[in-house]
Number of protein chains: 2
Amino acid sequence: MNRKNVTIQDIANTANVSKSTVSRVLNDSTPVDAKKRAAVLKAMKNLDFKPNVFARILAGGRSMTLGIVTQNIGSPFYDSVTMGVINGLADTGYSPIIADGQWNQERELVAVRTLIERQVDGLIMVGGNLDSSTLREACHGVPVVQIARYLEDCKERCICIDNVAAAKRATEFLIEAGHRNIAHIAGISDHEDSIDRLKGYQQALTDANIVVRDELIVQGDFSAQSGVLALETLLLRGVAFSAVFAANDEMAFGVRLALFRAGKRVPEDVSIIGFDDQPNSAYMIPPLTTVSQPALEMGAAASKMLVSAIAEKPFEIPMLPVELVVRESVTRLR
Amino acid sequence: MNRKNVTIQDIANTANVSKSTVSRVLNDSTPVDAKKRAAVLKAMKNLDFKPNVFARILAGGRSMTLGIVTQNIGSPFYDSVTMGVINGLADTGYSPIIADGQWNQERELVAVRTLIERQVDGLIMVGGNLDSSTLREACHGVPVVQIARYLEDCKERCICIDNVAAAKRATEFLIEAGHRNIAHIAGISDHEDSIDRLKGYQQALTDANIVVRDELIVQGDFSAQSGVLALETLLLRGVAFSAVFAANDEMAFGVRLALFRAGKRVPEDVSIIGFDDQPNSAYMIPPLTTVSQPALEMGAAASKMLVSAIAEKPFEIPMLPVELVVRESVTRLR
DNA sequence: GACTTACATGAAACCGGTTCCAAGGCCCCC
DNA sequence: GGGGGCCTTGGAACCGGTTTCATGTAAGTC
C-alpha cells in the first residue's frame, strides 16, 4: 500500500497498447502481434512489473495458492508429510496455505471451508477423518489430493500405502526369524491405519498357523508414551513374548525405553519392529528395524500430482517404495 | 467461481441500505444507525455472507494472511517451531502462508518478496541468514517477528534464547559432575547458534580454570550423522574424554550411536548432554540430559506477538523457560 | 475487383469490496 | 425562526486485473 506498484495500465501506456493486450500477453490467452508482444514484454521487464495476485483472483483467474489441511501438528509422520508438500511446491509458482484439522471432523470442515473461501486452486488433505461426500461438497469442484489415507471412491487421488500388506510383511519378517510369541502395540483404535496394521499382523500369524492371542495385543495411541505403557501392560499380564511389532516408530521408542527400564536387552531378549521409518529410527539403540513409509516423498508426490491435476494434465501415481528396512533391533531366535 | 457467492450488494438490497453502509458495518469504521446496523447483521446472518478476502485486499484492506519463512524443512527443531506458529495462529482469523528459504540468502529473499507480494499482514522469520537491513527493506513496513535468531537492531521483535548462557549452563553441569575432559560437537560453523554455544562451552571451562583444548572440539553440522562422524573423529584422535556436549540433540543421537558401535557405555564410560530437548530425546537409551528449547511455545509466542504487533497493541515477550532437563545420560565422575 | 471471412485489438463491463465526497436530516444555539 | 455544524448516508470512483463484444483491417475466394 505504501509503495506504488506498477500496474498493467502502466505497461499498456509504455508499450502503446491497451490493457487488454497486456493481459493477453500475460496469459497467452489470445494471439498477439509479435511486435506488440515484444514491446509489452520489454515494458514489463523494464518496469519490473509483477501482476497483483489479488486483482487477478478477483477477476476470476487462478489464485496460485494451494491449501493444505493437516492434522494434529506435532506428530512426526504427518509433520514430515506436510513439510514434504511444502517442499514439493517450491518452484511450482504455487504457495501453500495451511489449516489445521486436529483430527476433529468439525474443525477439519472449518479448515476446508476457510481454504476454499480463500479460493485455493487445489487442496491437499494430509490424513483426516472427513467422509468423502462431505469433503467433495465442501470443495465445490476444486481438485483434491489425499495423502496417507485411502478413499474408496477416489482412489486415483490418494497417495498412500497398503498398510495391511506392509504390516503383514513386518510380522512375517519376525516369523521368519523364528518368533512365535509376537506382541502387537496397536495405534488409535478407530484410526484406519491402526486397523489395517492390526489386520496385517493377524493375517501374517494366521497364514503361518499361529494363533492370534488377544493378550498379546495392546492398545496404544501412536505416542511414544503409550508405547511405554503398552509394554508395561504386557509385562504385567505376564505373557511370554520374544518380539514386538509396534504400529509406528514412536511407540517402538516407548517400547524400547520400557524394556530398558525392565532390564531387558534388545534384541537379545526382545526383538522390536516399528513402522514409518522416521528419520531418527536409524539412531535408536540398537537401530530400529522398521517399515519405511517415505513421508517427505509422499508429500512431494502429492504436490506434483495436484499441480498436474489443476493443469488437467495426466499424472502417474508414483510407486512409493514401502520396504522393510532391516537394521539391528530384530534377532533370529535359536 | 462455480458457486455464486453472496456479495455485499445482496446484503445491501436485503437490508435496504447501500453497499457503503454494509461495508461500514463490516468494518466498524463509521457509526451506523442502530436499526440499519441490525438489519444488515441480520441479512448477513440469513444469507450466510462471507466477505471475499481478495476483493477486500484489493480495495486496500487487510489480507488476514501471515507469511512464514522457514529454513531447511526437515530439521526437527525448526519444523517444530514452524508448527508452533501454525498452531498459535488457529482461531486468530489469520491464515499462515509458508515459503522456504533453505538457509540460502538468495532464496530467503525470494521467499520474503513472494510473501510481501501476496500482501501478507505480517511476517515470521524462523531462523534465517538475511541481514536485518535487507530484510527490513524487502518488507516495506510490514511488521516482522524473528524466531530463534537474535537481531541486535530489533531486539523487541526477536523470540530467542540466550545460547551462550544456556550452553555455559550445560557445560557447567558436566563440570559439577566432576568431568574435566569434556568434548564439544559444534554445529554448522557460521551458524550463530553454533558460535554462541561454542562460546558458552569455552566460557564455562575457562571460568572453572580448565584449559580449552582444540582437539576436544569437533565440527558437526547439526545432523545426527555428523554426530556419528564427530565422535569417530574424536576416537581417532585418541584424546581422552569422559563427557560430550553436543550442540543439538540430533548430534547427540549420533554420538550415542557411535559410542554404541564402539562398545562404550552411556553414561558409565561417556556422559552425553544435548541441546534442544526434542520430543524424542526423552526416549534415547538412556534418556538424554539436555537443555530445553521450547520450540512449539516459541512458535506460538511469535504468532501471538505478530498478531498484537499488527493490531498495534503492546506485547510482552514471554519468559520462555530455558532449563536443563536432567535425565540419565550424565553420570557423576568418581 | 468485390465480397466474405478471420483475426487482432481496444473499449467497456465486471469481479467484490473500501473510501472519498457531497448531500440530506437533525439538533443546537443565538 | 433562521443559520451553522455534526452526523449519517448513498453515490461514485477506485483497487488491478480478466473477459466479452464490437470494430477495423488484412487476407482469402470466386
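Proteins come first, then strands; the chains are lettered A, B, ... in the order of their sequence lines, and each starts at number 1.
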**Q.** Selected nucleotide, minimal atom distance to B:A59 side chain, candidates C:dT9, D:dT9, C:dT18
**A.**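 Output: C:dT18.
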Q | Salt-bridge present (B:D33, B:R24; N to O < 4.0 Å) | A |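 Here B:D33 does not pair with B:R24 in a salt bridge, since their nearest N and O are not under 4.0 Å apart.
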Q) What heavy-atom pair brings A:R157 and A:M305 nearest, and what distance separates the two atoms? A)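 Shortest heavy-atom separation between A:R157 and A:M305 comes out as CA-CE, 3.4 Å.
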How is [X] classified with respect to the nucleic acid when contacts are heavy atoms under 4.0 Å: base, sugar-phosphate, or nothing?
X     : result
A:V22 : nothing
B:S20 : base
A:S23 : base

Q) Should B:N27 be listed as having a side-chain N or O under 4.0 Å from OP1 or OP2 of C:dT18? A)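 Checking C:dT18 against B:N27, a side-chain N or O does come within under 4.0 Å of OP1 or OP2.
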Q.
Tell me whether the side-chain N/O atoms of A:T21 come closer than 4.0 Å to OP1 or OP2 in C:dG10.
A.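 Affirmative; the distance criterion is met.
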Q) Mapping B:R24 and B:A55 onto DNA chain D by nearest heavy atom, which one lands closer to the 5' end? A)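 The 5'-side residue here is B:R24.
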Q | Residue met sooner reading DNA chain D from 5', once B:P31 and A:F49 are mapped to nucleotides | A |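 This one resolves to B:P31.
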If I take atom [atom1] in residue [X] and atom [atom2] in nucleotide [N], what distance separates them, rounded to the nearest angstrom?
X      : N      : atom1 : atom2 : answer
B:I8   : D:dT9  : CD1   : P     : 15 Å
A:Q119 : D:dT18 : CD    : C1'   : 14 Å
B:L47  : C:dG16 : CG    : P     : 14 Å
B:R56  : C:dG16 : CZ    : P     : 15 Å
B:D33  : C:dC26 : CG    : P     : 11 Å
B:F54  : D:dC14 : CZ    : P     : 25 Å
A:L58  : C:dG17 : CG    : P     : 9 Å
A:R118 : C:dG17 : CZ    : P     : 14 Å

Q. Does B:R113 CZ have over 12 foreign heavy atoms under 6.0 Å away?
A.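 Not more than 12 within 6.0 Å, no.
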Q.
Please determine whether the number of non-hydrogen atoms from other residues, nucleotides or ligands lying under 6.0 Å from atom CD of B:E106 exceeds 12.
A.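 Result for CD/B:E106: open.
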(Q) Below 4.0 angstrom, which residues in residues 11-19 of chain A have at least one non-hydrogen atom near DNA chain C? (A)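 When residues 11-19 of chain A is checked for heavy atoms under 4.0 Å from DNA chain C, the hits, listed by number, are A:V17, A:S18.
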Q | Donor + acceptor pair across side chains of A:R118, A:T65 (<3.5 Å) | A |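 The answer is no; no qualifying pair exists.
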